[in-house]
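The next block holds one structure in the form of structure tokens; read it before the comments.
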Amino acid sequence: MDGTPHTGAVGTHRQRTAAAGPGPRAALLASLVLALLLGALSVLVMLPAARHLRSLQDGERVRATLHTGGACMAGHCRVEFEAGGRTVVADLPAGSGGGRSPTGTRLTVRYRADDPRVAAREEDVGGGGAIVLAAMSGGGALLFLTISAAAALSVARRRHDG
């Protein structure tokens with residue numbers, strides 16, 4: 001009557017849905033992908049890292065120097081030490097603690113007698129840091145699975161009502 005076209009209730013609902021952002025299907029897919037990635041991180045990376053760290057509990061003990069600093073938790077640190085009369089540079093495994101210690105920091109490591117390049121900080125051989133990360137990523141996976149279930153229910157309700 002006033003010269004403007006009326007979209008009606010259905011058109012208004014579509015406009016609101018488009019303005020509100022991605023729909024429940026996109027949220028479902030995104031949540032499932034995040035849940036799978038976090039679950040994979042926990043099961044395929046951090047739990048084996050914790051097992052590996054624990055396997056070094058009975059390893060040879062030696063003082064070492066941080067050779068290459070960085071994000072030790074992500075496995076980007078290297079240590080240098082003497083083993084069997086030779087200098088060894090070994091990568092610290094993912095799940096190692098120590099934060100971002102400067103190069104040259106002295107620390108104690110444990111290494112395998114048959115392969116000194118397999119080493120870990122003595123403080124990490126209990127696997128605690130890796131277990132904490134595994135629990136956090138596993139908890140995140142459960143959170144996103146819960147969000148996925150809620151999104152799936154929303155999609156099912158819309159189908160049923162629509």
Side-chain angles (χ1 to χ4, degrees), residues 16-155:
R16 282 189 204 138
T17 303
R25 286 186 183 146
L28 172 63
L29 182 62
S31 295
L32 281 174
V33 167
L34 284 171
L36 287 173
L37 288 174
L38 287 171
L41 173 67
S42 180
V43 172
L44 300 175
V45 177
M46 296 319 298
L47 288 178
R51 249 183 262 119
H52 170 69
L53 288 167
R54 277 184 265 144
S55 75
L56 293 168
Q57 284 179 327
D58 296 328
E60 302 292 325
R61 184 176 190 255
V62 67
R63 291 290 291 166
T65 303
L66 189 62
H67 180 270
T68 306
C72 294
M73 188 60 78
H76 294 288
C77 290
R78 301 176 91 190
V79 292
E80 183 178 298
F81 56 91
E82 295 289 323
R86 63 187 178 111
T87 301
V88 176
V89 177
D91 294 323
L92 292 178
S96 297
R100 292 187 166 267
S101 299
T103 301
T105 300
R106 299 286 294 164
L107 57 142
T108 303
V109 297
R110 293 215 177 242
Y111 67 90
R112 282 197 186 135
D114 60 337
D115 186 2
R117 292 172 300 171
V118 179
R121 286 182 348 128
E122 187 171 48
E123 294 87 3
D124 298 330
V125 295
I131 290 292
V132 167
L133 282 177
M136 288 173 54
S137 61
L142 290 175
L143 171 71
F144 283 107
L145 278 175
T146 303
I147 292 169
S148 297
L153 283 172
S154 177
V155 168

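Since the model is a prediction, treat every value here as computed from it, not as a measurement. As a basis for the values below, the full set of heavy atoms in this structure was taken, side chains included, without hydrogen atoms, waters or symmetry mates.
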Do any pairs count as a salt bridge (charged side-chain N to carboxylate O under 4.0 Å, His left out) and have a residue in residues 66-81, sequence neighbours left out, and if so which ones?
Arg78-Asp91
Residue Arg61 excluded, over 12 heavy atoms near CZ under 6.0 Å
no
Examine distances only and state if a side-chain atom of Ser137 and a backbone atom of Ala134 form a donor-acceptor pair shorter than 3.5 Å.
yes
Between Ser42 and Leu38, is there a donor-acceptor pair closer than 3.5 Å when you use the side chain of the first and the backbone of the second?
no
Could you check Thr65 against Leu107 for side-chain contact (heavy atoms from CB on, under 4.5 Å), going step by step and ending with a plain yes or no?
CA-CA 6 Å; Thr65 303; Leu107 57 142; over 6 Å; no
For the pair Ser154 (side chain) and Ala150 (backbone), establish whether a donor and an acceptor sit closer than 3.5 Å, ignoring hydrogens and angles.
no
What closest approach, in Å, do Ser55 and Arg112 show between heavy atoms, and which atom pair accounts for it?
OG-NH2, 3.5 Å
Closest approach of Ala141 and Gly39, non-hydrogen atoms and distance?
CB-N, 3.6 Å
One should read off an interatomic distance between Phe81 CZ and Arg86 CZ, to the nearest 0.5 angstrom, of 9.0 Å
Leu142 side, atom CG; Ile147 side, atom CD1 - distance, nearest 0.5 Å
11.5 Å
Work out which heavy atom in Val79 is nearest to a heavy atom in Leu66; give both atom names and the distance.
CG1-CD1, 4.2 Å
Measuring from atom CG of Leu34 to atom CG of Leu143, what distance do you get when rounded to the nearest 0.5 angstrom?
9.5 Å
Which heavy-atom pair separates Pro93 from Leu53 by the least distance, and what is that distance?
CG-CD2, 3.5 Å
Evaluate the side-chain proximity of Leu47 to Ile131: yes if any heavy-atom separation is below 4.5 Å, no if none is.
yes
Nearest heavy atoms of Ala90 and Pro116, plus distance in Å
CB-O, 3.9 Å
Output for pair (Leu145 CG, Leu36 CG), nearest 0.5 Å, gives 7.5 Å
Below 4.5 Å, heavy atoms only, C-beta onward: do Val62 and Glu82 meet side chain to side chain?
no
Atom CZ of Arg106: over 12 foreign heavy atoms under 6.0 Å
yes
Surrounding CG of Asp115 (heavy atoms of other residues, nucleotides or ligands, distance under 6.0 Å), is the total greater than 12?
yes
Shortest non-hydrogen contact between Leu56 and Ala119, atoms and distance:
CD1-C, 3.8 Å
